[in-house]
Amino acid sequence: MPESRATTAAPEPRAEGTDGHPPLLEVRGVTKSFGSGRRRLTALDGVDVQLGRGQTLGLVGESGCGKSTLARVLLGLERPDAGTVRYDGVDPFALRGKELLNWRRRVQMVFQDPFASLNARMSAADLIGEPWRTHRDVVPDAKAREKRIRELLSLVGLRESDAHRYPNEFSGGQRQRIGIARALALDPDLIVCDEPVSALDLSVQAQVLNVLSELQSRLGVAYVFISHDLSVVRYISDRVTVMYLGKVIEHGETEDVFERPQHPYTAALMSAAPVLDTSRASDDQEIQLKGEIPSPFDIPSGCRFRTRCWRAEDRCATEAPPAVVREPQGMGDAHTALCHFPL
Amino acid sequence: MTTTSAPAPSDTAPALDVEGLCVDLSTPSGTVRAVNGVSFSVRRGRTLALLGESGCGKSMTALSVVGLLDPAASVTGGAVRVRGKDTLRLSPAERRKLAGPVLSIVFQDALTALNPVQPVGRQIGEPFRIHRGLSRRQAEEKAIELMTRVGIPEPRQRAKSYPHQFSGGMRQRLLIAMAVALDPDVLIADEPTTALDVTVQAQIMRLLRDLQDERHMAVVLITHDLAVVAQRADDVVVMYAGTVVEQGAVHDVFTSPRHPYTRGLLDSVPEDAERGRPLPAVPGSPPELSAVPPGCVFQARCPLVRERCVRERPSLRSTGDGRSAACHFSEELDRA
């Protein structure tokens with residue numbers, strides 16, 4: 001077993017950063033708050049995220065943890081108060097005009113609710129091709145556009161004849177495929193998927209997850225995959241980042257985090273998620289957290305998880321917890337957690 | 001203890017017995033059958049899960065049992081028996097007498113289920129005023145007791161608050177308090193934790209279990225979540241397109257499903273799936289209620305389908321050990 005060592009230093013940069021090329025996405029110390037004075041809500045507090053090409057980062061946390069704000073920052077929709085966001089070393093918030101437009105096509109989004117996110121008055125072909133109205137030079141002529149729409153439809157497992165049907169003629173799973181095809185229309189490097197399968201029925205969920213995995217191996221697109229469903233995150237992600245009240249409290253390779261969580265919150269999340277195994281039917285060994293997530297208007301001092309933590313001691317209220325770094329069991333990112341008393 | 005005259009059911013008789021329930025739904029394009037011959041029963045102290053995906057008729061079944069169907073839907077056949085009476089044949093007034101002391105329901109969305117303009121203490125105390133004739137003050141005291149029991153901090157002060165002043169988890173606790181107020185025989189929980197965060201979900205499920213043990217209620221858990229069924233229920237009824245396709249003890253059904261749909265659902269959970277390997281997904285999606293095929297309801301998505309499935313709808317037949325499945329070829333699943 002790799003030894004834990006406590007350190008306050010930032011975790012070492014990932015392997016990808018060392019070969020001279022900056023990673024696809026590198027977020028350092030991003031902070032974002034809303035409101036002013038006493039009614040100040042801290043949505044992100046010093047968040048670090050890194051992601052290489054063709055990889056998937058799972059983002060886990062409960063409501064109010066800041067994962068949606070982070071998604072908006074990654075898409076360039078929300079400017080952070082502090083910290084840096086770099087795509088291939090470039091700061092999207094420093095871009096203007098044409099450069100900004102060109103950057104935008106590299107990062108796309110798939111939304112949670114395929115019933116709300118598609119315009120009911122547009123056909124599948126119009127929906128998929130709509131991004132080209134802004135980004136005119138991606139597929140310039142009409143013939144090529146038609147062809148590309150057919151390609152995109154078949155990439156996501158729809159029929160060419162579906163091009164002229166409207167959203168109400170599709171099931172939830174098919175609509176989500178349209179949403180994915182639309183995100184792919186600009187040939188992005190990164191797709192931010194915000195709970196992309198949680199509105200779908202279980203039997204259809206697996207189909208959409210398969211489409212996402214297949215697209216990644218064929219096109220090399222990277223995903224930031226936001227989900228509350230841990231079994232889905234474990235299946236789809238290379239690395240997992242766990243957030244609590246605006247902070248990344250644990251990060252590591254998926255198997256490291258799931259097999260040996262260091263942060264009590266991560267352990268509690270995993271233990272709270274029900275599992276299929278009927279022989280483990282008793283919830284007696286389950287870690288039950290006290291209370292609910294505190295208000296982001298009023299974040300606890302020291303460790304923000306201490307109010308619900310069963311391991312908390314006096315120190316947790318006064319000192320910010322250090323980063324505990326464990327070597328990964330295989331290749332990849334170090335397994336880090338912010339905790340005075342890691343598991 | 002209760003105001004209804006019929007005796008409370010013993011432990012061996014079912015507390016709730018649903019038989020051949022049919023519900024029709026009128027839609028702009030005609031009448032469709034939303035629930036088609038659903039039968040199940042549950043004893044006190046036991047938990048039965050109605051498992052299925054959206055549109056399978058599980059919520060419609062629950063609403064018919066408690067008599068809260070939307071006006072567009074109507075029960076067209078079957079029986080719902082509690083304490084020896086078929087509630088479908090009772091007058092509305094008689095039926096209301098059962099709501100609370102015999103049957104009660106916890107909904108998914110606590111914010112819409114609670115009255116937004118009434119303090120929660122008064123709402124939770126209401127069953128005591130209606131069914132037991134307590135005064136407003138006495139009912140409020142009862143409400144505070146219940147709020148304490150379901151884990152609302154500072155219940156005396158909080159009784160004066162309104163629903164929007166509570167978090168989602170706390171609102172769900174309030175709904176549960178109201179549902180168990182009169183010690184019902186049967187508690188129906190319709191996706192009680194779907195809208196909540198994982199750690200809060202676990203707290204609510206634990207509370208429901210403790211209350212069930214304490215009050216010896218029968219619980220009917222309506223859910224689409226296989227893992228919740230695995231962890232929480234004794235028996236399971238799997239529904240698809242308005243019909244029951246399989247039922248039995250949860251452990252048996254989940255370890256050796258006898259309907260290809262159940263098997264497909266279990267396989268598509270990514271829990272034990274290997275990264276990078278495609279998930280064994282069920283192809284297609286559930287049929288529209290207006291287009292349920294005449295033969296087997298699952299034929300269009302079934303890996304075992306053959307000609308007989310198109311011609312003849314399989315009836316729910318016993319496969320031994322108190323289990324049953326509606327499949328012509330369920331034996332083949334055992335071997336596969």
Side-chain angles (χ1 to χ4, degrees), chain A residues 56 60-65 170-174 197 199-211 213-214 216-217 228-238 254-255 265 268-283 286-293 295 308, chain B residues 51-56 151 153 167-170 193 195-203 205-206 209 224-234 240 249-255 261 264-286 288 301:
Chain A
T56 303
V60 179
E62 298 178 281
S63 45
C65 75
F170 293 101
S171 67
Q174 290 172 319
V197 296
L200 304 177
D201 276 326
L202 181 63
S203 69
V204 177
Q205 219 177 63
Q207 298 169 10
V208 173
L209 289 174
N210 284 343
V211 168
S213 314
E214 203 190 308
Q216 183 162 62
S217 49
H228 69 280
D229 186 333
L230 294 173
S231 63
V232 169
V233 169
R234 184 174 194 166
Y235 171 72
I236 201 102
S237 313
D238 300 291
T254 303
E255 282 318 297
Y265 176 65
L269 261 188
M270 285 169 187
S271 127
V275 293
L276 262 191
D277 185 358
T278 48
S279 59
R280 224 204 76 180
S282 127
D283 45 14
E286 181 185 297
I287 307 165
Q288 285 257 342
L289 292 182
K290 295 176 273 185
E292 296 177 26
I293 300 176
S295 160
R308 301 175 74 198
Chain B
L51 172 71
E53 302 179 281
S54 49
C56 74
S167 68
M170 286 297 152
T193 60
L196 304 174
D197 278 323
V198 183
T199 57
V200 180
Q201 242 176 50
Q203 294 169 350
M205 290 315 288
R206 165 78 60 104
R209 195 192 64 175
H224 67 277
D225 190 332
L226 293 168
V228 166
V229 175
Q231 299 293 291
R232 205 33 206 89
D234 303 303
Y240 187 79
V250 172
H251 180 75
D252 299 344
V253 172
F254 278 27
T255 42
Y261 175 62
L265 277 184
L266 287 162
D267 284 349
S268 50
V269 175
E271 193 170 289
D272 296 320
E274 208 177 306
R275 255 189 66 65
R277 295 272 294 275
L279 292 169
V282 185
S285 46
E288 296 285 331
R301 306 174 74 191

Under 4.5 Å from a heavy atom of chain A, the part of B:L266 involved: both

Measure distances from B:R301 to the heavy atoms of chain A and classify the residue's part below 4.5 Å as side chain, backbone, both or neither. side chain

At their closest point, which heavy atom of [X] faces which heavy atom of [Y], and how far apart are they?
X	Y	value
A:Y235	B:P270	CB-CB, 3.7 Å
B:G284	A:Q207	O-NE2, 2.8 Å
A:A272	B:T199	CB-CA, 4.1 Å
A:V275	B:A230	O-CB, 3.6 Å
A:E62	B:V200	OE2-N, 4.1 Å

Close side-chain approach of A:S203 and B:E53, heavy atoms under 4.5 Å: yes

Under 4.5 Å from any heavy atom of chain B, what part of [X] do you find: side chain, backbone, both or neither?
X	value
A:L209	side chain
A:L200	neither
A:S171	side chain
A:S237	backbone

How long is the straight-line distance from CG of A:L276 back to CD of B:Q231, given to the nearest 0.5 Å? 8.5 Å

With rounding to the nearest 0.5 Å, note down the distance linking CG in A:N210 to CZ in B:R277.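 CZ of B:R277 is found 11.5 Å from CG of A:N210.
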
Top of [options] for chain B proximity - count of heavy-atom pairs under 4.5 angstrom:
options	result
A:G64, A:G61, A:G291, A:G173	A:G291
A:R308, A:E255, A:H228	A:R308
A:D238, A:V204, A:L269	A:D238

Using atom types as modelled and distance alone, determine if a side-chain donor or acceptor of B:D197 lies under 3.5 Å from a backbone N or O of A:S63.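 The answer is yes, because a donor-acceptor pair under 3.5 Å joins these two groups.
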
Using only atom types and a distance under 3.5 Å, with no angle test, would you say the side chain of B:Q203 pairs donor to acceptor with the backbone of A:Q288? no

As an exercise: rank B:V229, B:D267, B:L226 by heavy-atom pairs under 4.5 Å with chain A and give me the winner.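 Top count of heavy-atom pairs under 4.5 Å with chain A: B:L226.
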
